[in-house]
There are 2 protein chains.
Amino acid sequence: MHILITGASGMLGRKVVDRLMRDGLGGHEVSALTLVDVVVPEAPAGFPGRLDAFSADLSASGIAQQLIDGRPDVIFHLAAIVSGEAEADFEKGYRINLDSTRDLFDAIRHAHAADGYHPRVVFASSIAVMGAPLPYPIPDAFHTTPLTSYGTQKAICELLLADYSRHGFFDGIGIRLPTICIRPGTPNKAASGFFSNILREPLVGKPAILPVPDSIRHWHTSPRSAVGFMVHAATMDLGKLGPHRNLSMPGLSATVGEQIEALRRVAGESAVALIRREPDATITRMCEGWAPGFEAARARALGFTAEDSFDQIIRAHIEDELEAPR
Amino acid sequence: MHILITGASGMLGRKVVDRLMRDGLGGHEVSALTLVDVVVPEAPAGFPGRLDAFSADLSASGIAQQLIDGRPDVIFHLAAIVSGEAEADFEKGYRINLDSTRDLFDAIRHAHAADGYHPRVVFASSIAVMGAPLPYPIPDAFHTTPLTSYGTQKAICELLLADYSRHGFFDGIGIRLPTICIRPGTPNKAASGFFSNILREPLVGKPAILPVPDSIRHWHTSPRSAVGFMVHAATMDLGKLGPHRNLSMPGLSATVGEQIEALRRVAGESAVALIRREPDATITRMCEGWAPGFEAARARALGFTAEDSFDQIIRAHIEDELEAPR
Ligand SMILES: NC(=O)c1ccc[n+]([C@@H]2O[C@H](COP(=O)([O-])OP(=O)(O)OC[C@H]3O[C@@H](n4cnc5c(N)ncnc54)[C@H](O)[C@@H]3O)[C@@H](O)[C@H]2O)c1
Ligand SMILES: NC(=O)c1ccc[n+]([C@@H]2O[C@H](COP(=O)([O-])OP(=O)(O)OC[C@H]3O[C@@H](n4cnc5c(N)ncnc54)[C@H](O)[C@@H]3O)[C@@H](O)[C@H]2O)c1
């Protein structure tokens with residue numbers, strides 16, 4: 001089985017590679033792996049198959065075509081620039097998050113016309129396709145009215161994915177990822193970064209800043225569950241999906257206060273004491289517009305699963321990042 | 001006031017022109033009118049202002065730029081190819097219904113960057129952005145899961161319109177038009193054509209074919225109301241809209257049986273006798289997936305109005321097309 005991952009050097013991309021190396025995919029061994037990212041992707045240690053890992057800008061002319069020339073069986077399309085960057089650089093956001101997706105889909109369409117090529121395409125969408133005012137929980141049939149260019153680009157890619165799948169050009173599924181928490185690595189500048197920072201940093205004895213009130217409610221899942229979504233999406237029978245190809249994933253709805261209580265239970269009072277409250281009105285206002293939680297009834301019925309408590313999310317982080325770092 | 005209409009030779013475009021000639025727009029006289037369509041637009045009789053009516057393919061390179069060079073104050077963007085054609089010719093549908101809209105929006109964006117240009121943009125969207133299974137009535141916050149490429153293209157344009165408006169590039173509003181009934185002219189090949197044919201043809205003593213059962217329920221508005229939506233959209237205060245720029249319009253939910261009863265009341269038994277039932281399983285199946293009706297609560301609250309009965313829709317047709325044809 002030949003697998004292509006775009007955005008392979010990203011947080012999720014690297015974890016998907018690790019999982020594929022460990023487990024294969026749906027009972028198949030991975031015989032060929034194509035990894036592409038603007039940042040040169042790491043070669044997975046000891047991979048016996050055919051590896052093609054290279055740095056390229058997916059939005060550059062000809063790259064999508066080149067990737068599809070290899071006729072991968074499964075494509076994880078994860079490359080994207082993040083919300084803040086897409087908002088600040090309007091043209092770059094549309095070029096990378098929208099146009100390169102359409103280029104990729106069109107390259108598949110042309111290959112389909114040429115020889116019947118029909119891969120599985122798993123697209124990493126986002127809860128940012130939703131925009132305030134939002135009910136809680138958000139039902140599966142809620143409208144997509146994004147309030148960022150990033151969310152707009154993801155929502156458009158979802159529509160393209162559904163239409164191209166309906167025409168039979170490929171077998172696509174869009175996965176609306178919750179905010180991934182605890183995001184490993186170092187604190188980044190994303191406005192949502194604090195959701196991870198206030199757990200990840202105290203767990204290793206470092207301070208973290210909390211810019212919002214404890215009452216802020218948001219929708220989370222662990223990196224481990226996110227990888228699980230990707231694998232399930234790549235292997236499940238999509239016949240059950242019908243023409244509605246984009247799914248809000250299960251996750252955990254929790255307030256910041258509940259996150260902190262879980263930290264207290266798992267790591268004790270000393271960890272909690274490392275959280276410093278520095279209220280930021282701008283970040284608080286942004287958070288108030290974010291998704292508090294989803295029903296995700298369809299995804300659950302289709303076998304997607306996530307954590308039930310923040311204790312589990314914190315323990316997953318400890319197991320995957322602190323006890324067995326890659 | 002300078003007004004630009006794309007798709008100006010179409011059914012709706014011609015009626016918008018007539019209305020502007022009669023009433024002006026929002027208390028302003030129309031001093032300049034730019035009309036563009038692949039079919040050469042008719043010059044409105046006796047228009048004293050500056051007229052630029054020409055034939056062009058909006059998707060051709062440079063056309064959008066050229067249209068925006070004139071800095072129209074209000075843009076009615078109505079050009080589109082219909083559902084059947086967009087489904088049969090995938091690339092043409094995306095090129096005309098999506099890419100020319102984006103070209104137009106980007107031309108405005110560049111003009112905005114150059115000199116602060118900030119026109120009102122009224123976009124003709126469609127209830128085809130919705131796809132089965134559909135509740136009845138469909139709430140305003142229902143998801144857009146189109147089941148045609150045409151509906152996909154309209155849904156994508158809606159997302160672009162909202163994002164470009166949010167960034168302040170223009171002041172946009174998307175109008176999800178119900179099926180327009182009674183569509184004047186001659187019977188066309190659209191699968192939905194019979195909704196109009198079974199009224200329009202008998203009203204002038206001609207036979208019409210009904211391919212679906214009387215129980216089929218659908219969502220209608222008259223051409224007169226559709227023009228009213230366009231004018232209201234062009235003149236209302238969009239501050240009330242917030243970032244949700246796309247509105248399902250009010251209309252009339254009626255079964256085919258109810259349409260026929262209205263015809264009986266307005267035109268008598270002899271008109272009804274001209275309807276010939278020729279059941280078509282394919283058309284019936286398509287119809288069953290179409291929107292039965294909308295709440296349209298937001299649009300009504302914002303002052304959009306439509307007919308309350310099919311008798312009114314039929315009388316509007318008699319007044320506008322049979323008694324006072326243009
Ligand atoms: N992490 C989350 O909380 C979250 C939530 C919702 C959706 N998502 C989506 O999931 C996907 C993966 O997320 P992640 O957290 O791993 O993000 P990430 O930023 O860590 O990874 C994205 C990768 O895409 C690469 N990339 C960017 N532009 C590219 C281009 N033009 N060509 C090739 N590669 C390019 C980046 O270099 C990066 O390695 C993204 O599409 C993201 O939008 C993530
Ligand atoms: N009539 C309806 O029931 C209905 C319902 C929902 C939405 N709409 C939308 O409302 C708008 C107007 O509808 P209508 O009934 O007047 O349609 P129409 O087909 O009568 O008019 C559309 C016009 O666009 C023109 N056009 C097509 N491609 C073009 C191109 N590349 N460049 C320039 N012009 C081009 C056509 O020549 C035509 O004159 C369309 O966008 C349509 O999708 C109509």
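Hydrogens, waters and symmetry mates play no part in the numbers below; they use all other heavy atoms, side chains included. Only a predicted model underlies this, so the values are computations on that prediction, with no experimental measurement involved. Throughout, protein chains are lettered first and strands after them, A, B, ... in sequence-line order, and every chain is numbered starting at 1.
Across P250(B) and W219(B), no two heavy atoms sit closer than the pair C-CZ2, 3.6 Å.
In terms of heavy-atom pairs under 4.5 angstrom with chain B, the leader among L160(A), T144(A), D106(A), L147(A) is L147(A).
Neither the backbone nor the side chain of Y150(B) comes within contact range of chain A; no heavy atoms are under 4.5 Å apart. Contacts between E91(B) and chain A at a heavy-atom distance below 4.5 Å involve the side chain alone, from C-beta outward. Contact annotation for R109(B): only side-chain heavy atoms (C-beta onward) come within less than 4.5 Å of a heavy atom of chain A. For chain A, the nearby parts of A155(B) are the backbone and the side chain; heavy atoms of each come within less than 4.5 Å. Looking at N246(B), there are no atoms closer than 4.5 Å to chain A (heavy atoms on both sides), in backbone or side chain.
Residue H220(A) is tested with F195(A), F294(A), W290(A) for a ring-ring contact (aromatic ring centres under 6.0 Å, His included); the sole match is F195(A).
Taking the six-membered ring where the residue is Trp, H112(B) and H118(B) present tilted rings, their angle falling between 30° and 60°.
Contacts between residues 119-138 of chain A and chain B, counted as heavy-atom pairs separated by less than 4.5 Å, involve G131(A), A132(A), P133(A). Using non-hydrogen atoms only and a strict 4.5 Å limit, no part of residues 65-84 of chain A faces chain B.
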(message) Pair H218(A), T179(A) - check side-chain hydrogen bond (donor to acceptor under 3.5 Å, both in side chains), show working.
(response) CA-CA 8 Å; H218(A) 193 49; T179(A) 291; 2.7 Å; yes
(message) If you apply the rule ring pair (Phe, Tyr, Trp, His ring centres under 6.0 Å), what do you find for F142(A) with H143(B), and how did you get there?
(response) CA-CA 5 Å; F142(A) 197 69; H143(B) 61 177; 9.8 Å; no
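Taking the centre of each ring, F170(B) and F105(B) come in below the 6.0 Å mark.
The pair K92(A)-D99(A) does not meet the salt-bridge criterion, since no charged nitrogen lies less than 4.0 angstrom from a carboxylate oxygen. Ion pairing between a basic and an acidic side chain is recognised when a charged N comes within 4.0 Å of a carboxylate O; R95(A) and D103(A) show no such pairing. Under the 4.0 Å criterion applied to side-chain N and carboxylate O atoms, R166(B) and E87(A) are assigned as salt-bridge partners. A salt bridge is absent between E158(A) and R245(A): the closest approach of a Lys/Arg side-chain nitrogen to an acidic carboxylate oxygen does not fall below 4.0 angstrom.
Looking at L104(B) and S100(B), their side chains never come closer than 4.5 Å, going by heavy atoms from C-beta outward.
For the residue pair D89(A)/Y94(A), the side-chain donor-acceptor check at 3.5 Å is not satisfied.
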